[in-house]
Amino acid sequence: MLALENYKILLFVLTLQCCGDHVQKAVDSTIHLTDDDNGIVKYKSDSANELVLNFHDHSYFYKETNLPLKAGEDVGYEHQSRGTFAIRNDTLTFFSSMPSQVDVTTDWSTNTEFLPLYQTHEEIDANSVKIYFDNIAEPQYYQAFEFKNGGFEKLRVKNCVIDGDFGWIEGTKDKIPLHQYLLIEKPQSNKLLIIDSLQAQKSYFFDFDHIPFRSFHFYTRAYWSYYDFTGLTFVRTDKKLKLIDKNRLGRYQHSAMDLIFLKK
């Protein structure tokens, strides 16, 4: 349990470091600036959502809420996302943090029941990443990509096991069974994105510059109400943001993200 508590602290620190690194890259690549680049700017593409860009530290926060209008309608939901963005000319490229209790300048936080990552302490070859998944995941439909040189390149999935028995590891409250995993080619850039080919809006970003191990269990359910926007690129004008096809990989079609965001 002491090791687990130490890992929680480590995950918190690494998340902040990750955001800081992306911010520095964003600052280095900034070419075109406007008056808004000195403050916090809010956008909406729909009455139910809000995108907040903080140009002080190049962080973003997104919130999407759907409340049923009357009894008998579908149950409402709320989705969030946070991370950093890089600016190049008139485009913004997002890098999402993993969901956790991380304080950001917009004073929102995401509370999840599960830590996303639990180390398994396995020894694997230096050119691979081994990720175990929870029982609601369907890794046989997952695709792996490397974010490199401003775009995505597909990675090889070396092995996929979906019905095994590989013991268990200690979690926050209970033991975590290990039943299914992917063995993936390690990205040279250390930036890995996994996308569900059946539900492309489900994606998960792993930055191995800040994850100190390459074999771990991952709770996809930590993303139950959380969006990963890593790689999504927007064209920005004085009053608008528009998602473009670059780095999309089929994600967020026919959604509020696909609409034009207007400055509030």
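All heavy atoms count here, side chains included; hydrogens, waters and symmetry mates do not. Since this is a predicted model, take the numbers as computed values, not measurements.
Not counting sequence neighbours, the partners of Lys130 by the salt bridge (Lys or Arg N to Asp or Glu O under 4.0 Å) test are Glu122.
Looking at Ser45, its side chain does come within 3.5 Å of a backbone N or O of Ala256 through a donor-acceptor pair. With Lys44 contributing its side chain and Asn49 its backbone, the two residues share a donor-acceptor pair below 3.5 Å. Tyr226 places a side-chain N or O within 3.5 Å of a backbone atom of Arg82 that can act as its donor or acceptor partner. Formation of a donor-acceptor pair under 3.5 Å by the Asp196 side chain with backbone atoms of Leu198 is found in this model. A donor-acceptor contact shorter than 3.5 Å links the side chain of Arg251 to the backbone of Thr230. Not a single donor-acceptor pair under 3.5 Å links the side chain of Asp90 to the backbone N or O of Val235. Listed for the Gln180 side chain is a donor-acceptor partner under 3.5 Å among the backbone atoms of Ala137. Between the side chain of His179 and the main chain of Asp163, no donor-acceptor pair closer than 3.5 Å is present. Of the possible donor and acceptor atoms, one in the side chain of Glu146 sits under 3.5 Å from a partner among the backbone N and O of Ser189.
In summary, the aromatic rings of Phe94 and Phe205 are positioned with their centroids too far apart to meet the 6.0 Å limit. Taking the six-membered ring where the residue is Trp, the centroids of Phe216 and Tyr118 are separated by 6.0 Å or more. A distance below 6.0 Å separates the ring centres of Phe229 and Tyr252. Ring pair Phe147/Phe95: centre-to-centre distance below 6.0 Å.
Within a 6.0 Å radius of CD in Gln253, more than 12 heavy atoms belonging to other residues, nucleotides or ligands are found. Heavy-atom neighbours of Gln188 CD from other residues, nucleotides or ligands within 6.0 Å: at or below the threshold of 12.
In terms of heavy atoms, Lys158 sits closest to Asp125 at NZ-OD1, 3.9 Å. Residues His254 and Asp258 share a closest heavy-atom pair of N-OD2, 3.8 Å. Across all their heavy atoms, Lys242 and Ile260 have their closest contact at CD-CG1, 3.8 Å. Across all non-hydrogen atoms, the minimal contact from Leu243 to Thr233 is CD1-O, 3.5 Å. Taking each heavy atom of Gly151 and Asn247 in turn, the nearest pair found is CA-OD1, 3.2 Å. Of all heavy-atom pairs between Ala200 and Gly250, the closest is CB-O, 3.5 Å.
Checking Lys264, Lys263, Lys63 one by one against Glu50, the salt bridge (charged side-chain N to carboxylate O under 4.0 Å, His left out) holds for a single residue, Lys264. Each of Leu241, Leu53, Asp46 was evaluated against Phe261; a single residue qualifies, Leu241, per the side-chain contact (heavy atoms from CB on, under 4.5 Å) test. When the options Tyr204, Phe213, Tyr181 are evaluated for a ring-ring contact (aromatic ring centres under 6.0 Å, His included) with Phe218, the one that passes is Tyr204.
One finds the CD atom of Gln80 at 7.0 Å from the OG atom of Ser225 (value rounded to the nearest 0.5 Å). Between the OG1 atom in Thr120 and the CD1 atom in Ile131 there is a gap of 10.5 Å [rounded to 0.5 Å]. Atom CD of Glu138 is separated from atom NZ of Lys202 by 7.5 Å, given to the nearest 0.5 angstrom. Between atom CZ of residue Phe152 and atom CZ of residue Arg248 there is a gap of 13.0 Å, rounded to the nearest 0.5 Å. Rounding to the nearest 0.5 Å places CD1 of Ile184 at 12.5 Å from CZ of Arg214. With values rounded to the nearest 0.5 angstrom, Leu232 atom CG is found 7.5 Å from Ser203 atom OG.
Here the side chains of Asn135 and Arg221 are in contact, with some heavy-atom distance below 4.5 Å. Side-chain atoms of Tyr219 and Trp224, non-hydrogen and from C-beta on, never get closer than 4.5 Å to each other. A 4.5 Å side-chain heavy-atom check between Tyr132 and Ile176 finds every atom pair outside the cut-off. Contact check for Leu117 versus Met98: side-chain heavy atoms found under the 4.5 Å cut-off. The shortest side-chain heavy-atom distance between Ile162 and Phe133 does not fall under the 4.5 Å cut-off. Counting heavy atoms from C-beta outward, Tyr60 and Ser96 have side chains that approach closer than 4.5 Å. Counting heavy atoms from C-beta on, the side chains of Glu64 and Tyr227 come closer than 4.5 Å. Put simply, the side chain of Leu155 does not reach to within 4.5 Å of the side chain of Val129, judged on heavy atoms.
Ring geometry, Phe208 versus Phe206: the interplanar angle falls under 30°, so the pair is classed parallel (tilted spans 30 to 60°).
The hydrophobic cluster containing Leu92 does not contain Ile244, counting ILVMFWY residues as joined when their side-chain heavy atoms lie under 4.5 angstrom apart, directly or transitively. By the criterion of side-chain heavy atoms lying less than 4.5 angstrom apart, applied directly or through intervening Ile, Leu, Val, Met, Phe, Trp or Tyr residues, Val161 is grouped together with Leu183 in one hydrophobic cluster.
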**OP:** Might you work through the side-chain contact (heavy atoms from CB on, under 4.5 Å) test for Tyr142 and Thr220, ending with a clear yes or no?
**Re:** CA-CA 12 Å; Tyr142 291 175; Thr220 62; 4.0 Å; yes

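With respect to the salt-bridge test (charged N to carboxylate O, under 4.0 angstrom), the residues Lys191 and Asp209 qualify.
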